[in-house]
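Here is the structure we will look at, set down as structure tokens.
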Amino acid sequence: MSDLVATWDIALSDGVHKVEFEHGTTTGKRIIRVDGKEIYRQDWMFKLVGKEHFQVSKTKCCISIEAVSGFAYEYSLEVNGKPLKKFQENQSRIMRTWVLYIGGVDTRVVLEKDTLDVWVNGEKVETTGEFVDDGTETHFQIGSHSAFIKAITTGRRRDGIVHQLYVDEIEIPLATE
């Protein structure tokens, strides 16, 4: 019998990872799975509340188990020391993500704005930067397809820089993650 009590999705540069947590409220059993793979198991614990620390792609995570009332528990996930919601808000500020179907495969392209690293389906790719009249272009390959991310200033401080992905000269819309 499964004691699955919580699942979370964490969007990182190398992809979206699913975290599942099982908690036996009578035995204290704790199981953590990341992307379907068991990474932690404790079958019997006297302490039913507490914290479990683990990593997802070198990113520090912590599940907190707190008693709410009687035998009811509340589960929360922290990523890099921040509650998941706050972490996701921060990620949406520092990452731009595009999802496209290319060569018969769903493809996820991520730009880390702070490092200018580009990831394609979880793999960091080699890039070449180029200055152009209205901004910069970061060129890379997606299989046999040429791609680039164009960075253009809006001229408005509040809006900052806009990033656009082009694959084979076709603009790809931003994903909503």
Side-chain angles (χ1 to χ4, degrees), residues 1-68 72-127 138 140-143 147 149 163 165 167 172-177:
M1 184 177 128
S2 173
D3 290 319
L4 185 66
V5 293
T7 61
W8 299 276
D9 289 324
I10 306 172
L12 300 173
S13 299
D14 67 342
V16 178
H17 300 278
K18 183 176 191 161
V19 175
E20 298 172 300
F21 183 59
E22 288 186 30
H23 183 224
T25 55
T26 53
T27 64
K29 173 183 85 170
R30 298 176 189 184
I31 298 173
I32 299 172
R33 282 189 203 84
V34 176
D35 299 328
K37 182 180 176 206
E38 190 174 300
I39 63 163
Y40 176 81
R41 175 184 285 266
Q42 186 70 43
D43 283 323
W44 186 264
M45 294 181 73
F46 290 105
K47 191 173 180 187
L48 297 176
V49 296
K51 295 179 182 266
E52 293 300 338
H53 299 271
F54 62 102
Q55 288 193 343
V56 176
S57 294
K58 298 179 184 169
T59 301
K60 293 178 181 173
C61 299
C62 178
I63 295 173
S64 295
I65 307 155
E66 297 176 15
V68 181
Y73 296 90
E74 186 174 274
Y75 307 94
S76 59
L77 177 67
E78 286 186 359
V79 183
N80 278 347
K82 295 181 178 84
L84 180 61
K85 185 173 180 171
K86 193 78 166 161
F87 176 79
Q88 289 171 327
E89 290 169 1
N90 189 49
Q91 290 294 90
S92 70
R93 279 194 295 278
I94 65 169
M95 286 184 355
R96 289 292 174 258
T97 304
W98 297 268
V99 177
L100 61 146
Y101 190 74
I102 187 167
V105 177
D106 281 326
T107 304
R108 184 173 187 267
V109 177
V110 175
L111 168 69
E112 289 182 356
K113 293 184 347 182
D114 53 350
T115 61
L116 297 180
D117 288 337
V118 176
W119 298 74
V120 176
N121 289 338
E123 299 288 323
K124 192 168 147 186
V125 295
E126 288 292 319
T127 61
T138 303
F140 57 99
Q141 291 291 123
I142 302 175
I149 297 173
H163 296 89
L165 172 66
V167 177
I172 309 300
L174 272 169
T176 53
E177 286 189 334

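- A search for side chain to side chain contact (heavy atoms under 4.5 Å, CB included) contacts involving Val5 returns Phe21, His23, Tyr75, not counting sequence neighbours.
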* Does the side-chain contact (heavy atoms from CB on, under 4.5 Å) test come out yes or no for Leu165 and Leu100, once each step is laid out? -> CA-CA 10 Å; Leu165 172 66; Leu100 61 146; 4.1 Å; yes
Distance-only check: which donor-acceptor pairs under 3.5 Å involve side-chain atoms of residues 113-126, not counting sequence neighbours?
{"residue": "Lys113", "atom": "NZ", "partner": "Arg93", "partner atom": "O", "Å": "3.0"}
{"residue": "Thr115", "atom": "OG1", "partner": "Glu112", "partner atom": "OE1", "Å": "2.9"}
{"residue": "Thr115", "atom": "OG1", "partner": "Asp117", "partner atom": "N", "Å": "3.2"}
{"residue": "Thr115", "atom": "OG1", "partner": "Asp117", "partner atom": "OD2", "Å": "3.2"}
{"residue": "Trp119", "atom": "NE1", "partner": "Glu112", "partner atom": "OE2", "Å": "3.4"}
{"residue": "Asn121", "atom": "OD1", "partner": "Arg108", "partner atom": "N", "Å": "2.8"}

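- A salt bridge links Glu22 with Arg33: at least one charged nitrogen is closer than 4.0 Å to a carboxylate oxygen.
- Note that CE of Met95 and CG of Leu174 are 11.5 Å apart. Values are rounded to the nearest 0.5 Å.
- Residues passing the side chain to side chain contact (heavy atoms under 4.5 Å, CB included) test with Gln88, sequence neighbours excluded: Leu84.
- Summarising the geometry of Asp3 relative to Gly24, their closest heavy-atom pair is OD2-CA, 3.6 Å, with the distance given to 0.1 Å.
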* To do: Could you please spell out the steps behind the side-chain contact (heavy atoms from CB on, under 4.5 Å) verdict for Glu66 and Val49?
  => CA-CA 5 Å; Glu66 297 176 15; Val49 296; 5.6 Å; no
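- Between Lys51 and Arg30, the shortest heavy-atom contact is O-NH1, 4.2 Å.
- Rounded to the nearest 0.5 angstrom, Trp8 CH2 and Glu78 CD are separated by 11.0 Å.
- Closest non-hydrogen pair, Gln55 versus Lys58, comes out as OE1-CA, 3.8 Å.
- A donor-acceptor pair under 3.5 Å is absent between the side-chain atoms of Asp106 and the main chain of Tyr101, judged by distance alone.
- Residues Leu77 and Ile10 meet the side-chain proximity criterion, which asks for heavy atoms closer than 4.5 Å.
- Counting all heavy atoms, side chain and backbone alike, Ala175 lies closest to Val99 at CB-CG2, 3.8 Å.
- Heavy atoms only, all atoms of each residue included: Val68 and Tyr73 are closest at CG2-C, 3.8 Å.
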* Criterion side-chain contact (heavy atoms from CB on, under 4.5 Å) on Leu48 and Ile65, from CA distance to verdict -> CA-CA 8 Å; Leu48 297 176; Ile65 307 155; over 6 Å; no
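- Scored by the side-chain hydrogen bond (donor to acceptor under 3.5 Å, both in side chains) test, Arg96 finds no partners at all (sequence neighbours excluded).
- The CZ atom of Phe54 sits 5.5 Å away from the CD1 atom of Ile39 when rounded to the nearest 0.5 Å.
- The line from CG of Leu111 to CH2 of Trp98 is 5.0 Å long, rounded to the nearest 0.5 Å.
- Judged as a side chain to side chain contact (heavy atoms under 4.5 Å, CB included), and not counting sequence neighbours, the contacts of Ser57 are Leu12, Asp14, His17.
- For the atom pair CD (Gln42) and CD1 (Ile32), the distance works out to 11.0 Å, reported to the nearest 0.5 Å.
- In this view, Gln141 satisfies the side-chain hydrogen bond (donor to acceptor under 3.5 Å, both in side chains) rule with no residue, not counting sequence neighbours.
- The SG atom of Cys62 lies 11.5 Å from the NZ atom of Lys60; values are rounded to the nearest 0.5 Å.
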